Amino acid sequence: MKQVAELAGVHVSTVSRALSPETRPMVDPSAVARVLKAAQELGYRLDPVAASLRTGRSKLVGILVPDIATSVFTPILTGATERLSARGYSTLVAYVGGAPEQQLDIAGGLIARRVDGLIIATASRHDPLVSFCVEQKLPAVLVNRAEKEARISAVVSDDIQGMQLAVDHLVDLGHTDIGHLAGPPEHSTGFLRRQGFAQGLAARGLDPLKAPCEVAGNYTREQGAESMRRLIDARPDITGIVAANDLLALGAYDALQERHMNCPRDISIVGHNDMPLVDLVHPALTTVRISHREMGLQAADLLQQAMEDNDQLIRNIVLPPKLIVRASTAAPRTTLAKRAASSSRKADRR
């Protein structure tokens, strides 16, 4: 660092500030340019390990996701890593699956690597990993899923409102026989979206107790197809489906195709999440859009406050969803037939 300072013609403390993204704005831009050029010529980089021994902070953040195969978590990671990187943090992304033991093992490994905090996208409604973080006094923030009891801060979408938007859309089209493909009830998304579905029906004068519901064991296309088969067998009169996420909705497409049924002619389908590419399937999926990237940004903000300011205030940020209407929803056939008959009668009178 002294050599860099000599080559750049600045003080050693200026080199330290210029090379850190957090403090770089405090340094004159021309001095920053000289320092960066000198560091490049000398092949010098800050040693994060040495810095962590001095400051007690590693500038590392762990991000735990339940699945790396689905694109749902990609924008969350994008938002979080973008915000953290701009503030001098590096991120370690870990796929932890659904087994609590595996999650705890991986979290313990990250702590051993001196992470300053965790962003957790894997939470169940009663989560042992959250208990672990609380016991270890490790700053952590939940994203996309939350606990039943708010023990740490969380950034989520308004799952109840999202389902109400979906139900309102189908009812406005004329559907009254609507079913639900529910997500796993141990996750807040599955639990709250099922609650939102029932509340949405009740608000439109429909009896939620008469609405069929099939619960998927996981948020997968295969589970969506299996749940949809059971639902059609139990209630062949259904004309609309509200799915707890887009993968379940795509599974419902598969089940309809197996039975030579058509979406939306036979059954309209609404998904949840607005995953990338669901506008390219046939028919393009009507779905509830969630602000995943914004979730990542705000989760990073909350975690930084917890890590740097020792902020122990628990905050629950709920982002508003938006209904995206595409080709997978239409009026039920009975409604279309009534409209056609009405138009025909009007034509005869003319």
Side-chain angles (χ1 to χ4, degrees), residues 58-85 89-157 159 183-193 216-223 244-248 273 275-276 290 292-293 295-300 302-304 306-307 316:
S58 66
K59 305 294 284 186
L60 283 175
V61 168
I63 304 180
L64 307 184
V65 296
D67 192 351
I68 56 175
T70 174
S71 54
V72 167
F73 298 100
T74 303
I76 294 177
L77 293 173
T78 299
T81 55
E82 176 185 304
R83 183 61 54 85
L84 290 167
S85 177
Y89 288 90
S90 297
T91 53
L92 298 173
V93 179
Y95 163 58
V96 298
E101 298 81 7
Q102 182 180 2
Q103 294 178 7
L104 291 170
D105 285 344
I106 292 176
L110 291 173
I111 290 177
R113 288 165 177 78
R114 301 177 60 84
V115 294
D116 292 333
L118 294 178
I119 293 177
I120 302 171
T122 60
S124 61
R125 295 181 66 234
H126 307 277
D127 199 276
L129 182 54
V130 173
S131 300
F132 177 78
C133 292
V134 172
E135 291 167 3
Q136 297 292 320
K137 298 183 179 179
L138 178 69
V141 173
L142 303 180
V143 66
N144 191 50
R145 300 175 184 172
E147 278 200 304
K148 181 180 180 181
E149 297 179 10
R151 293 186 288 171
I152 61 176
S153 295
V155 184
V156 297
S157 180
D159 291 312
E186 65 269 21
H187 297 152
S188 63
T189 48
F191 179 84
L192 292 175
R193 289 172 192 174
N218 294 293
Y219 283 121
T220 65
R221 186 167 178 167
E222 293 75 17
Q223 284 287 311
N245 88 340
D246 291 340
L247 288 175
L248 297 181
N273 277 340
M275 290 170 46
I290 291 177
H292 288 110
R293 181 174 176 275
M295 279 185 188
L297 290 169
Q298 297 214 27
L302 290 179
L303 185 61
Q304 184 185 18
M307 293 186 300
N316 189 43

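It should be emphasised that the depicted structure is a prediction, and the values quoted were computed from it without experimental measurement. FYI, the numbering just counts along the sequence from 1.
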So which heavy atom on [X] is nearest to which on [Y], and how close?
{"X": "Ala121", "Y": "Pro66", "answer": "O-CD, 3.5 Å"}
{"X": "Val61", "Y": "Leu303", "answer": "CG1-CD2, 3.5 Å"}
{"X": "Ala300", "Y": "Leu84", "answer": "CB-CG, 3.9 Å"}
{"X": "Glu147", "Y": "Leu142", "answer": "N-CD1, 3.8 Å"}
{"X": "Gly117", "Y": "Met307", "answer": "N-SD, 3.7 Å"}
{"X": "Ser153", "Y": "Leu302", "answer": "CB-CD1, 4.0 Å"}

Flag side-chain contact, heavy atom, 4.5 Å: [X] against [Y]:
{"X": "Val134", "Y": "Ser131", "value": "no"}
{"X": "Val72", "Y": "Tyr219", "value": "no"}
{"X": "Asn273", "Y": "Ile290", "value": "yes"}
{"X": "Phe191", "Y": "Lys148", "value": "no"}
{"X": "Ile76", "Y": "Asn144", "value": "yes"}
{"X": "Glu82", "Y": "Leu297", "value": "yes"}

Step by step, work out the side-chain contact (heavy atoms from CB on, under 4.5 Å) result for Cys133 and Val130. CA-CA 5 Å; Cys133 292; Val130 173; 5.7 Å; no
Side-chain ([X]) to main-chain ([Y]) donor-acceptor, under 3.5 angstrom:
{"X": "Arg193", "Y": "Ala244", "result": "yes"}
{"X": "Asp116", "Y": "Ser58", "result": "yes"}
{"X": "Gln223", "Y": "Ala216", "result": "no"}
{"X": "Ser157", "Y": "Asp159", "result": "no"}

What is the distance from atom [atom1] of [X] to atom [atom2] of [Y], rounded to the nearest 0.5 Å?
{"X": "Thr122", "Y": "His187", "atom1": "OG1", "atom2": "NE2", "answer": "8.0 Å"}
{"X": "Leu118", "Y": "Phe132", "atom1": "CG", "atom2": "CZ", "answer": "8.5 Å"}
{"X": "Tyr95", "Y": "Gln102", "atom1": "OH", "atom2": "CD", "answer": "7.0 Å"}
{"X": "Leu60", "Y": "Arg113", "atom1": "CG", "atom2": "CZ", "answer": "10.5 Å"}
{"X": "Tyr89", "Y": "Gln304", "atom1": "OH", "atom2": "CD", "answer": "5.5 Å"}
{"X": "Leu92", "Y": "Leu64", "atom1": "CG", "atom2": "CG", "answer": "10.0 Å"}

Apply side-chain contact (heavy atoms from CB on, under 4.5 Å) to residues Val96 and Leu129 and explain how you reach the verdict. CA-CA 11 Å; Val96 298; Leu129 182 54; over 6 Å; no
What's the verdict on side-chain contact (heavy atoms from CB on, under 4.5 Å) for Leu247 and Thr220, showing C-alpha distance, side-chain angles and the deciding distance? CA-CA 5 Å; Leu247 288 175; Thr220 65; 5.5 Å; no
